[in-house]
Amino acid sequence: MAGTKEIKSHIQSVQETRKITSAMYLIASTKLRRAKQELENTRPYFNALQGEIRRIFRTVSHVDSHYFYPDSGEPAGGTYGCLVITADKGLAGAYNQNAIREAMKLLEQHPATKLFVVGEYGRRYFSQRNIPIEHSFLYTAQNPTMARAREISALLLDGFDRGELQKIFIVYTDMGSALSFQARSTRLLPFHRAHFSDPKDLPPDERPVAEPFEFLPDVRAVLNNMMPSYVSGFIYSALIDSFCCEQEARMTAMDSANRNAGELLGALSLQYNRVRQAAITQEITEISAGARAQRQSRQGNRGYQALFDK
């Protein structure tokens with residue numbers, strides 16, 4: 001059974017660990033709040049861009065663009081590209097494992113997939129298992145910026161425009177609400193035209209009306225010029241969503257660690273008090289036994305002395 005010294009040392013260790021987890025919780029909450037604000041600041045621009053693309057399809061029903069599936073159906077399968085967004089470190093519950101699991105599903109379904117990885121965790125995972133990585137973005141997954149999203153978008157679009165990548169997928173973690181998030185595998189390119197269609201559940205009098213526009217030099221050039229910006233915005237949104245989910249998962253993990261540390265400290269304190277009380281009781285017992293032995297010894301000596309006096 002552990003003594004008071006060992007238990008006290010264990011209590012101090014748990015207290016120091018709880019200080020670290022509490023600090024990580026506060027840091028994650030601050031980063032989460034800042035990232036959400038940055039996403040809200042940029043969302044109106046990309047919502048407006050999506051609205052303009054919808055307006056193009058309302059004006060011209062058929063547009064020949066390699067960013068969209070042809071009317072005849074999906075193109076034949078070829079080499080896929082997959083952007084996998086992970087964190088730089090663990091201590092975030094199942095956040096990284098869920099994203100890796102979605103990427104592995106895609107690799108199993110389509111082995112001819114080139115991986116583009118964001119985050120040290122994903123790089124380390126694929127490298128340790130000898131899974132080839134087409135391109136690894138060496139900057140940190142923390143604090144994503146629009147400049148980084150454009151860099152990723154430019155690399156992916158270059159492979160798509162040259163025909164090296166038939167389809168592009170993105171594996172990221174989508175925050176449905178403040179309490180739920182889910183790893184998703186979403187096809188980024190090519191788009192379906194239905195992705196930019198107007199909602200069909202709107203009443204007829206509320207549906208947007210097609211307006212006459214003149215496109216220069218032509219509608220295809222205008223659309224092809226808008227799509228790279230939209231792709232960059234989609235990737236930036238995925239980076240921010242994943243970052244927010246990482247911080248939310250880390251807050252949940254650190255909060256759970258704090259609660260477990262509190263319960264462990266309670267159990268250790270109870271054990272410490274019991275051991276300390278047992279030690280005190282043992283000392284009292286030993287002192288009482290020693291005093292009793294001395295008293296009996298003195299009484300015995302007096303009896304012998306009385307016999308000699310007679």
Side-chain angles (χ1 to χ4, degrees), residues 46 49-50 53 65-70 73-88 96-141 144-174 182-196 223-243 245:
F46 295 105
L49 184 61
Q50 187 176 23
I53 297 174
S65 173
H66 68 289
Y67 292 117
F68 293 86
Y69 280 128
E74 296 187 5
T79 302
Y80 291 0
C82 180
L83 174 65
V84 184
I85 302 175
T86 64
D88 291 325
N96 290 300
Q97 290 81 358
N98 291 338
I100 293 294
R101 190 179 299 112
E102 289 296 322
M104 294 304 296
K105 287 181 181 178
L106 182 61
L107 286 174
E108 292 174 0
Q109 296 171 1
H110 198 282
T113 299
K114 296 182 178 180
L115 294 177
F116 300 82
V117 182
V118 175
E120 181 60 31
Y121 190 97
R123 288 193 290 268
R124 186 169 61 250
Y125 179 90
F126 294 119
S127 298
Q128 291 175 350
R129 288 156 180 79
N130 297 321
I131 299 175
I133 299 176
E134 180 68 17
H135 187 87
S136 181
F137 300 96
L138 297 180
Y139 45 73
T140 176
T145 62
M146 191 62 208
R148 292 175 179 175
R150 288 195 179 99
E151 178 185 344
I152 297 172
S153 174
L155 182 64
L156 294 176
L157 286 173
D158 181 63
F160 184 78
D161 292 338
R162 288 188 294 165
E164 297 177 358
L165 302 176
Q166 194 71 28
K167 294 181 182 180
I168 297 178
F169 290 82
I170 179 169
V171 174
Y172 70 105
T173 309
D174 182 30
Q182 181 181 6
R184 296 184 181 276
S185 176
T186 302
R187 188 190 66 254
L188 181 60
L189 287 172
F191 291 102
H192 277 296
R193 286 172 169 77
H195 183 77
F196 296 96
L223 187 61
N224 288 345
N225 189 52
M226 296 174 66
M227 293 312 298
S229 295
Y230 182 79
V231 171
S232 298
F234 192 101
I235 293 176
Y236 178 66
S237 177
L239 289 171
I240 291 289
D241 270 345
S242 296
F243 182 69
C245 292

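F116 contributes atom CZ, which lies 7.5 Å from atom CD1 of I168 (distance to the nearest 0.5 angstrom). In this structure, CD1 on I170 lies 6.0 Å from CZ on F234, to the nearest 0.5 angstrom. Separating the CG atom in L156 from the CG atom in L189 is a distance of 8.5 Å, to the nearest 0.5 Å. The distance from atom OG1 of T113 to atom CD of E134, rounded to the nearest 0.5 Å, is 11.5 Å. From F160, atom CZ reaches atom CG of L165 across 8.5 Å, with rounding to the nearest 0.5 Å. Rounded to the nearest 0.5 angstrom, Q182 CD and C245 SG are separated by 10.0 Å.
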**OP:** Under the side chain to side chain contact (heavy atoms under 4.5 Å, CB included) rule, what do F169 and E102 come out as? Steps first, then yes or no, please.
**Re:** CA-CA 11 Å; F169 290 82; E102 289 296 322; over 6 Å; no
**OP:** Starting from the C-alpha separation in whole Å, work towards a yes-or-no answer on side chain to side chain contact (heavy atoms under 4.5 Å, CB included) for L115 and L107.
**Re:** CA-CA 9 Å; L115 294 177; L107 286 174; 4.1 Å; yes
**OP:** List the steps and the verdict of side chain to side chain contact (heavy atoms under 4.5 Å, CB included) for K114 and T79.
**Re:** CA-CA 7 Å; K114 296 182 178 180; T79 302; 3.9 Å; yes
**OP:** Start with the C-alpha gap between I100 and V171, add the side-chain angles, then the distance that decides, and say whether side chain to side chain contact (heavy atoms under 4.5 Å, CB included) holds.
**Re:** CA-CA 8 Å; I100 293 294; V171 174; over 6 Å; no
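At least one donor-acceptor pair under 3.5 Å links the side chain of T86 to the backbone N or O of V118. When atom types are taken as modelled, the side chain of D241 and the backbone of T173 share no donor-acceptor pair closer than 3.5 angstrom. In this structure a side-chain-to-backbone donor-acceptor pair under 3.5 Å is present from R187 to P190. Without hydrogens or angle criteria, S127 side chain to R123 main chain gives a donor-acceptor distance under 3.5 Å. N96 contributes no side-chain N or O that, together with a main-chain N or O of Y121, makes up a donor-acceptor pair within less than 3.5 Å. A distance-only check finds a donor-acceptor pair linking the side chain of S232 to the backbone of P228 [under 3.5 Å].
The cationic group of R129 lies under 6.0 Å from the six-membered ring centre of Y125 and within 45° of the ring axis, placing it in a cation-pi geometry.
Of the options L239, L83, V84, I85, a side chain to side chain contact (heavy atoms under 4.5 Å, CB included) to Y172 is made by I85 and by none of the others.
Under a 4.0 Å N-O distance rule, the pair E108/K105 does not qualify as a salt bridge.
No donor-acceptor contact under 3.5 angstrom links the side chains of Q109 and Y80, judged on distance only.
Listed here is the closest heavy atom pair of A103 and F126: CB-CZ, 4.2 Å.
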